[in-house]
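One structure is given here, and the rest of the page talks about it.
Numbering of ligands and ligand atoms starts at 1, following listing order. Not measured: the values here are computed from a predicted model.
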Amino acid sequence: MLSKTLIVNGIARDIVADGETTLADILRKNLSLTGTKVGCDTGHCGACSVIVDTKLIRSCSYKFKRLKQHATITTIEGVGTPDNLHPLQLAWILHGGAQCGFCTPGFIVSAKALLDLNPNPTREDVRDWFQKHKNACRCTGYKQLTDSVMDAAAVMRGDKDIKTLSWEMPEDQRIWGTRYPKPSAVARVTGMTDFGADKILKMPEDTLHMALVQAEVSHANIISIDTTEAEKMEGVFKVVTHKDVPGKNRITGLITFPTNKGDGWDRPILCDEKVFQYGDALAIVCADTEAHAKAAVSKVKVELEQLPEYMNAPAAMDDNAMEIHPGTPNIYFEQTVKKGEDTQNIFEKAPVVVEDDFYTQRQPHMPIEPDVGFAYFDDEERLVVHSKSVGLYLHHAMVAPGIGIEADKLVLVQNPAGGTFGYKFNPTMEALLGVAALATKRPVALCYSYVQQQIYTGKRSPWFSHLKLAADTSGKLLAMDSDWTVDHGPYSEFGDLLTLRGAQFIGSGYNIPSINGIGRCVATNHAWGAAFRGFGAPEGEFGSEVLMDELAEKLGMDPLELRYANVYRKGSTTPTGQEPEVYSLPEMIDILRPIYKEAQAKASANSTEMVKHGVGVSIGIICAGLDGPDHGSADIELNEDNTVTLYTTWEDHGQGADSGTTCTAHEALRPLKLMPEDIRLVLNDTGRCPDGGPAGGSRSQVIVGNAIVDACKKLLAGLKTDDGAFRTYDQMVEEGLPLRYSGSWTAPAEACGLDGQGNPFVFYMYGLFMAEVAVTLETGVTEVEKMTLVADIGTVGNKLIVDGQMYGGIAQGIGMALFEDFEDIKKHSTMLGAGFPYIKQIPDDMDLIYVETPRKEGPFGASGVGELPLTTPHAAVINAITQACGVRITKLPARPEKVLAALKNQ
Ligand code: MCN
Ligand code: FES
Ligand code: FES
C-alpha cells in the first residue's frame with residue numbers, strides 16, 4: 001500500500017491505496033469523484049481524461065504509484081460546477097455537445113488542457129489535439145465539439161462576451177422549433193449524471209458483484225459445469241448456473257410472424273445444453289467484490305464437446321450444415337416482395353439491365369459506455385432491474401418467463417445510458433441480473449468490460465444481397481429483382497422483422513412499378529444480431545443506392561439526374577405499394593443540384609496524379625415508427641405547486657428523450673404559460689410510467705409525442721373553467737376533479753402481408769446525402785472531406801438536438817463505409833481493433849439543409865429523425881470513391897487494402 005497526498009481540484013487529499021490502483025479508481029472509488037467516466041478501460045476512448053500537473057492523461061491507464069507526492073489533479077468537478085459553469089461547459093450546452101454525455105467530462109477536461117497550453121487554437125489544432133489524446137465520441141460526429149472549443153476559447157481570450165454562451169427563453173415563450181438546450185445538459189457537462197457504473201458505486205454494502213463465465217468457442221454441446229472449486233474462492237457467495245434458474249431459462253423473441261419456423265425461445269439466459277456463440281454465458285460468479293468474482297471465473301470447470309462453427313450465412317446455409325437449434329432449420333424465416341407485374345418478362349425485354357452483389361458488415365455499435373446494470377428487491381418484494389434498456393416494457397415481456405418471475409413482481413428501469421445506437425433494443429444483461437438476484441436474494445451488479453461489450457452484445461446483422469435493376473433508355477426504372485440474406489447470429493429475436501425491412505426498403509425512394517424479391521433470415525454462430533440504428537435501411541439501401549450509380553454509368557447519365565428522374569412524385573408508390581405521405585425528394589434534389597455541381601467542379605480541379613477527388617450521392621429513406629398500429633401512452637399530472645409531471649417510457653439512448661418530452665409537452669401546454677422546468681419528468685420505469693413503447697424505429701417523437709399531446713389536451717380540458725380560465729391545483733382538489741390524465745396514440749397503419757405489400761408506416765424520413773472524398777492512389781486510403789445532407793423530417797422540434805442526430809449518424813455511416821467491423825472475434829474486440837472513427841476520420845465540414853414538410857399526423861408536424869442520418873451516407877461515400885478513382889467497392893468496409901487491391905485490378 002502507498003500513502004500520498006494529492007492536490008485534487010485545489011484541495012489536498014490524503015490517499016492510501018495499492019500502488020497498482022488506477023488513478024480512475026482512486027478518483028471514482030476513493031474520492032467519489034464519479035464525474036470521471038471509465039469507458040474502454042484500455043486507453044482507447046479518453047472518457048477518463050484528467051489533468052495531472054499540466055499534462056492530460058487517461059486515468060484508466062495511469063497507476064497510483066506513478067503519481068508524485070502533491071501532484072495536482074484536475075477533474076471535471078474542478079473545471080466548473082452547475083452554478084459556476086466554465087465557458088467550455090457553457091459552450092458544450094449551447095452547441096448540443098453532450099448527447100449521451102458519457103464522453104463529455106473527458107472531452108471538456110481535454111479541451112481545458114489544450115486551452116491552458118494554447119489559448120488561440122485553430123479548428124485543426126483542436127481536432128489534432130482530440131485525435132492525439134484519443135478522445136472518442138460515438139454520438140456527435142465531433143463538429144459541435146470543435147464548435148464548442150472555438151467559442152469557449154474566444155470567450156476566454158476576451159474576444160467574445162460570455163453572454164454569447166448563454167441561452168434564454170424565446171420572447172414568444174415557445175421552445176418547440178428552437179435550439180433550447182435539453183434539461184439534463186448541465187448535469188451532463190459537469191459529470192454529475194450518474195450512469196450505471198456510478199450508481200453501482202453508491203449501492204448498499206451487501207451488494208454482490210457478478211462476473212460471467214463465458215464460452216470461448218462458438219458452437220458446442222455442454223457436457224458438464226463444475227462450480228465446486230470456484231465456490232470455495234475468497235469472497236465468493238454463490239456461483240449461479242442454469243440449474244438455479246426457476247423459469248424457462250430462455251429469452252423470448254416474441255415472434256409474431258406465423259411463417260417463422262422457430263418458436264422464438266432460442267436464447268438461453270445461462271447455457272444449459274449448448275453453446276451457440278463465442279461469449280455465451282455459462283455461469284455467474286457472485287462475490288463480495290468485482291475482483292473476487294473475476295478471480296473465481298477461471299475456477300469454474302466447463303466440459304464441452306465442440307461442434308462445427310458456422311461463422312457466416314453461406315456456411316450455415318450449406319446443405320451439410322447441422323441445425324444450430326436442433327429442430328429448427330438454419331434458414332428459419334423467408335420474406336417475399338411482389339409488386340406490380342412479373343419482373344421476368346420485363347427484364348427479358350428491358351433495354352438496360354444492371355446487377356451486382358453487395359455485402360454490409362457486422363457493424364459493432366461501440367458506445368463509449370460498456371453495458372452495465374444492477375438489480376435488487378424493493379420493499380414490495382418486487383425484483384427491480386436497472387439497465388441500459390431502450391425497450392423497457394418490451395424487455396419485461398421478453399425476460400420475465402425465462403427468469404421465472406410473475407410479471408407484476410418485475411420492474412425494469414433505465415439508467416442514463418452512455419449511447420446504445422440500438423444494441424439495447426435487445427435485452428443484454430437484464431435476465432442475468434434477474435436470475436442472480438433471485439438466486440442470491442441480494443442486490444447484484446454487473447459491469448461489462450469493453451471486450452465483453454464487443455463479444456457479448458448484439459451486432460448489426462451482415463447482409464448478402466444480389467440486386468438487379470431494369471430501366472428504359474431514358475433512365476426510367478421498370479423493375480427490380482432483389483435477393484437478400486440476413487446473417488442474424490444464433491438468436492432469432494427481431495430477425496424476421498429485420499428481414500422484412502429488405503422488402504420495405506431495398507429500392508426505396510424510387511417509383512419502381514414492378515418488384516420481385518425474396519429475403520431470408522439465417523441462424524449462424526457469430527455474434528447475435530441486434531437492432532442497429534437504421535435497422536435494415538443501411539443494409540438494404542446500400543445495394544440499391546450503389547446499383548443506381550452503376551445504372552447511371554451504363555446509361556451515361558449523371559447519378560443525381562438518374563435519381564431525379566425516378567424519385568417519388570404524386571402517383572408513385574413505395575416498394576410496399578404505399579403512397580408516400582409527402583413528396584419532397586424532387587425539391588431536395590433541386591436544392592442540392594447547384595451545390596453538387598460546384599463540388600464536382602472542385603473535385604476535378606483538385607485531383608492530381610496521386611490523389612483523386614470525387615463526389616457521390618445517395619438517397620436514404622426510413623420509417624419513423626414500428627410496423628402497423630404502433631401505439632404509445634403517456635400520463636400528465638398537475639402538481640401541488642401548479643407545475644406538471646409527465647410519465648412515460650421514452651427511453652434515452654443519448655438522443656435527448658428529456659428534450660423531446662419537454663419540448664412536446666411545453667408546446668401542447670402553451671395556454672398554461674409554463675416554463676420548461678415546470679414540466680417534471682418521470683421517465684423510463686415500468687413501476688411508475690405507462691408504456692410509451694421502446695425507443696426504436698425513431699418512433700418516440702411521433703408516437704410517444706402524439707400520446708403526450710393527447711394527455712396534455714385532456715389535462716387542459718380538465719383544467720378549463722366555463723369562462724375559459726384554468727383552475728389551479730387547489731381548485732381542482734376542491735372540486736374533486738382528477739389531477740392525472742392519460743393520453744395515447746395509435747398509428748393508423750397496417751403491417752405488410754406475406755407479399756411484402758401494405759401501408760406499414762404513417763411516417764417516413766427522407767434524406768439526400770452527398771459525400772466528397774479524396775482517395776490516395778498509393779495507399780488506397782479514403783478521406784471523407786465533406787458531407788452534405790438535405791433532409792425532410794417534417795417540422796424540426798429542437799434544432800440543436802436534430803443537428804446533433806444528423807452529424808452523429810453521418811459519422812457512423814462513414815465508419816460503416818470505411819472502417820468498422822466485428823468479424824474477427826479477437827482482433828475486433830477493442831475499439832481500436834474494430835475501427836472506431838476518431839475525430840480526424842470524420843470531416844469537420846458537414847452541411848445540413850432542412851426541407852420542413854409538416855406531417856399531417858405528426859405532433860406539430862414532426863416526423864422522426866434518429867435513424868435517417870444512418871440510412872445511406874456509406875453509399876454516398878462508396879459512390880464518391882468510384883467517381884474519384886473508378887473502383888467500386890460493393891463489400892464493406894472499404895478499408896485501404898480493399899481499395900488498393902481494386903485499384904491494382906483496374
Ligand atoms: N426530434 C426533433 N424533431 C423531430 C424529430 C425528433 O426535435 N422532428 C428529436 C426528439 O425529440 C428526440 C430526437 O430528436 O430528442 C430523436 O427523436 P426520434 O427520431 O423520435 O428518435 P427516438 O427518440 O425514438 O430515439 C431513437 C433513435 C434510434 S432508433 C437510435 S438507434 C438512436 C437515435 O435515435 N440511438 C442513439 N439517436 C441516438 N443518439 C445518440 N446520441 N445515441 C444513441 O444511442
Ligand atoms: Fe480510459 Fe477509455 S481511455 S476509459
Ligand atoms: Fe459523446 Fe455520447 S456524447 S459518446
Side-chain angles (χ1 to χ4, degrees), residues 22 24 36-49 57-62 92 96-104 106-107 133-142 144-145 176-177 182 188 365-370 388 390 417-425 450 531-535 622 624-625 650-664 692-705 763 765 793-805 808-809 812 831 850 852 855 858-870:
T22 65
T36 301
K37 309 297 176 193
V38 174
C40 67
D41 209 13
T42 48
H44 294 176
C45 78
C48 61
S49 299
I57 59 116
R58 274 159 266 156
S59 60
C60 71
S61 327
Y62 201 92
W92 235 260
Q99 288 191 29
C100 76
F102 197 83
C103 72
T104 306
F107 262 98
H133 293 281
K134 292 210 170 59
N135 286 111
C137 176
R138 189 61 162 162
C139 297
T140 61
Y142 302 104
Q144 291 164 312
L145 310 187
W176 179 264
K182 62 181 176 186
R188 289 177 203 261
H365 302 70
M366 295 191 281
I368 308 296
E369 180 201 38
K388 292 178 71 177
V390 299
T420 95
F421 313 103
Y423 90 87
K424 280 303 308 173
F425 194 82
Y450 212 85
F532 195 143
R533 196 175 194 174
F535 194 65
I622 186 167
W650 181 334
E651 294 88 347
D652 204 341
H653 304 243
Q655 85 279 22
D658 56 335
S659 170
T661 45
T662 304
C663 290
T664 309
S698 305
R699 64 183 286 287
S700 307
Q701 183 60 65
V702 287
I703 310 287
V704 192
F763 306 99
M765 316 173 250
I793 58 150
T795 314
V796 174
N798 185 304
K799 183 83 183 338
L800 202 55
I801 298 273
V802 166
D803 282 356
Q805 288 294 294
Q812 291 179 324
M831 285 173 64
Y850 297 100
E852 292 188 63
R855 300 301 197 271
F860 318 115
S863 183
V865 65
E867 293 166 286
L868 175 75
L870 189 48

Structural part of K134 in contact with ligand 2, heavy atom criterion under 4.0 angstrom: neither
Under 4.0 Å from ligand 1, counting heavy atoms only: the protein residues, by chain and number: Q99, C139, G419, T420, F421, G422, R533, W650, H653, G654, Q655, G656, G660, A695, G696, G697, S698, R699, S700, Q701, I793, T795, V796, G797, N798, I801, V802, Q805, A862, S863, G864, V865, G866, E867
Where ligand 3 meets R138 - atom numbers and elements under 4.0 angstrom, heavy-atom basis: 4 (S)
S49 and I57, any side-chain heavy atoms less than 4.5 Å apart: no
Any side-chain heavy-atom pair of F425 and F535 under 4.5 Å: no
Presence of N, O or S from C100 under 2.8 Å of atom 1 (Fe) of ligand 3: no
Ion pair check, K388 and E369, cut-off under 4.0 Å: yes
Where ligand 2 meets R58 - atom numbers and elements under 4.0 angstrom, heavy-atom basis: 3 (S)
From CZ (R58) to SG (C45), nearest 0.5 Å: 9.0 Å
Ligand 2 atoms in contact with H44 (distance to a heavy atom under 4.0 Å): 3 (S)
Aromatic centroids of F532 and H365 separated by under 6.0 Å: yes
Contact atoms of ligand 2, heavy-atom distance to G43 under 4.0 Å: 3 (S)
Per-atom contacts of ligand 2 with C40, taking only distances under 4.0 Å to non-hydrogen atoms: 2 (Fe), 3 (S), 4 (S)
Under 2.8 Å: N/O/S of C103 next to atom 1 (Fe) of ligand 3: yes
Side-chain heavy-atom pair Y850, V802 within 4.5 angstrom cut-off: yes
Opening angle at atom 1 (Fe) of ligand 2 [SG, C48; SG, C60; to 10 degrees]: 110°
Nearest-0.5 Å distance, OG1 of residue T661 to CH2 of residue W650: 6.5 Å
Per-atom contacts, ligand 2 versus D41 - under 4.0 Å to a heavy atom: 2 (Fe), 4 (S)
Sub-4.0 Å heavy-atom approach of G101 to ligand 3: yes
Flag side-chain contact, heavy atom, 4.5 Å: Q701 against V865: no
N, O or S atom of C45 closer to atom 2 (Fe) of ligand 2 than 2.8 Å: yes
Q812, H653, Q655 screened by side-chain hydrogen bond (donor to acceptor under 3.5 Å, both in side chains) with R533, the one that passes: Q812
Subset of ligand 3 atoms that lie under 4.0 Å from at least one heavy atom of C139: 2 (Fe), 3 (S), 4 (S)
Pairwise side-chain contact, N135 with Y142, heavy-atom cut-off 4.5 Å (strictly under): no
4.5 Å side-chain heavy-atom contact, R699 and V704: yes
Element-labelled atoms of ligand 3 that are located less than 4.0 Å from some non-hydrogen atom of I368: 4 (S)
Considering all heavy atoms, the nearest E867-G534 contact: OE2-N, 2.8 Å
C60 vs D41 side-chain heavy atoms within contact, under 4.5 Å: yes
